[in-house]
Amino acid sequence: MICGLDEAGRGPLAGPVTAGAAVLPPDFPVGLLNDSKKLSARKREQLYDLIRKEALACATVFISPEEIDRINILQASLKAMTLAFEEIRRRLPQVGEWECLADGDRMPPVGVPCRAIVKGDTLVPEIMAASILAKVERDRYMCEMDKLYPAYGFARHKGYPTEAHRDVCRRLGLSPIHRRSFRID
């Protein structure tokens with residue numbers, strides 16, 4: 001059984017890092033998939049719904065800004081992917097042999113054979129699906145945080161370090177969901 005793993009949110013100044021994990025059935029329409037960053041928000045949402053409906057199993061995991069600050073963003077990303085895979089294994093306990101395919105150049109410690117694939121989110125359907133799950137969940141979370149902290153504009157930039165985001169942080173200081181270990185300037 002192949003499980004794709006990817007994360008969203010390594011670069012932002014605020015919010016969680018989010019990992020997605022996906023196991024697709026053989027008849028999944030993989031031609032519809034792509035790297036989440038190459039899809040419009042509307043297309044991502046449509047594919048998110050399709051993946052949730054048709055995948056054999058899928059999961060998303062958030063690692064908080066506090067945890068990111070404590071263990072660093074790389075370790076938080078790997079931890080999120082590991083936890084997402086553990087959730088998949090709980091949902092498919094009958095599967096004997098697994099292989100994880102993770103986007104990037106690092107393998108999360110999942111306890112089964114795993115390959116890191118640079119640009120995997122453009123090459124491997126399971127990783128593309130995981131990428132879409134992670135991006136949609138994280139974007140939705142940041143839109144909810146925009147309602148709590150409207151002055152920061154999280155719905156527009158999703159916590160990424162745009163100049164407008166940096167400016168508001170300089171003026172207002174950091175919100176409770178900002179990563180303290182990341183530089184604003």
*Closest approach of V61 to A80 (non-hydrogen atoms, all atoms of both residues)*: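 Nearest heavy atoms, V61 then A80: CB-O, 3.9 Å.
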*Shortest non-hydrogen contact from F182 to G11?*
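Shortest heavy-atom separation between F182 and G11 comes out as CE2-O, 4.3 Å.
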Would a 4.5 Å heavy-atom cut-off, applied to side chains only, mark [X] and [Y] as touching?
X    : Y    : value
L56  : L24  : no
D27  : E54  : no
P161 : R166 : yes
I2   : W98  : no
I63  : L83  : yes
D167 : C169 : no
L32  : Q46  : no
Y149 : I177 : yes

With hydrophobic residues grouped by side-chain heavy-atom distances under 4.5 Å, do [X] and [Y] end up in a single group?
X    : Y    : result
I51  : L39  : yes
I88  : V112 : yes
F28  : M128 : yes
L172 : M142 : yes
V30  : I127 : no

*So does D185 pair up with R170, basic N to acidic O under 4.0 Å?*
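Between R170 and D185 there is a salt bridge, with a charged N closer than 4.0 Å to a carboxylate O.
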*Ion pair present between D49 and K53, side-chain N to carboxylate O less than 4.0 angstrom?*
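Salt bridge absent between D49 and K53.
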When the side chains of residues 99-108 are checked against the rest of the protein, which donor-acceptor pairs come out under 3.5 Å, sequence neighbours left out?
| residue | atom | partner | partner atom | Å |
| --- | --- | --- | --- | --- |
| E99 | OE2 | R115 | NE | 2.8 |
| E99 | OE2 | R115 | NH2 | 3.4 |
| D103 | OD1 | G120 | N | 2.9 |
| D103 | OD1 | D121 | N | 3.1 |

First locate atom [atom1] of [X], then atom [atom2] of [Y], and finally report the distance between them rounded to the nearest 0.5 Å.
X    : Y    : atom1 : atom2 : answer
L148 : S175 : CG    : OG    : 9.5 Å
L5   : M81  : CG    : CE    : 6.5 Å
F62  : T18  : CZ    : OG1   : 4.5 Å
S77  : D6   : OG    : CG    : 9.5 Å

*Test side chain to side chain contact (heavy atoms under 4.5 Å, CB included) on R180 and L174 and set out the steps.*
CA-CA 8 Å; R180 302 309 197 250; L174 301 180; 3.5 Å; yes
Counting only heavy atoms not in [X] (residues, nucleotides, ligands), do more than 12 fall under 6.0 Å from its [atom1]?
X    : atom1 : result
E97  : CD    : no
K37  : NZ    : yes
R183 : CZ    : no

*asked:* Over 60° means perpendicular and under 30° means parallel, so tell me whether Y152 and F154 are parallel, tilted or perpendicular.
replied: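 Y152 vs F154 ring planes: parallel.
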*Given side chain to side chain contact (heavy atoms under 4.5 Å, CB included), test K79 with E67 step by step and report yes or no.*
CA-CA 10 Å; K79 180 178 180 178; E67 183 78 353; 2.7 Å; yes
_Distance-only side-chain donor-acceptor flag, H165 / T162, under 3.5 Å_ =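 Checked: H165/T162 side chains show no N/O donor-acceptor pair below 3.5 Å.
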_Could you tell me if R52 and Y48 have a donor-acceptor pair between their side chains, going purely by distance under 3.5 Å?_
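Yes.
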_Reference residue V23; test side-chain contact (heavy atoms from CB on, under 4.5 Å); the match among R89, M1, E126, R91_ =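 The side-chain contact (heavy atoms from CB on, under 4.5 Å) with V23 is passed solely by M1 among R89, M1, E126, R91.
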_Trace of the side chain to side chain contact (heavy atoms under 4.5 Å, CB included) decision for L74 with R10_ = CA-CA 8 Å; L74 173 60; R10 279 184 66 168; 3.9 Å; yes
*Could you go step by step and tell me if L78 and E7 meet the side chain to side chain contact (heavy atoms under 4.5 Å, CB included) rule?*
CA-CA 9 Å; L78 295 172; E7 55 71 29; over 6 Å; no
*Main-chain N/O of K38 paired with D35 side-chain donor or acceptor, under 3.5 Å*: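 No; judged by distance alone, with no hydrogens or angles, the pair does not exist.
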*Step by step, work out the salt bridge (charged side-chain N to carboxylate O under 4.0 Å, His left out) result for R42 and E45.*
CA-CA 5 Å; R42 181 173 176 227; E45 288 284 344; over 6 Å; no
*asked:* Looking at Y141, I'd like to know if the NZ or CZ of R138 sits under 6.0 Å from its six-membered ring centre while staying within 45 degrees of the ring's axis.
replied: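 The answer is no, since R138 fails at least one limit relative to Y141.
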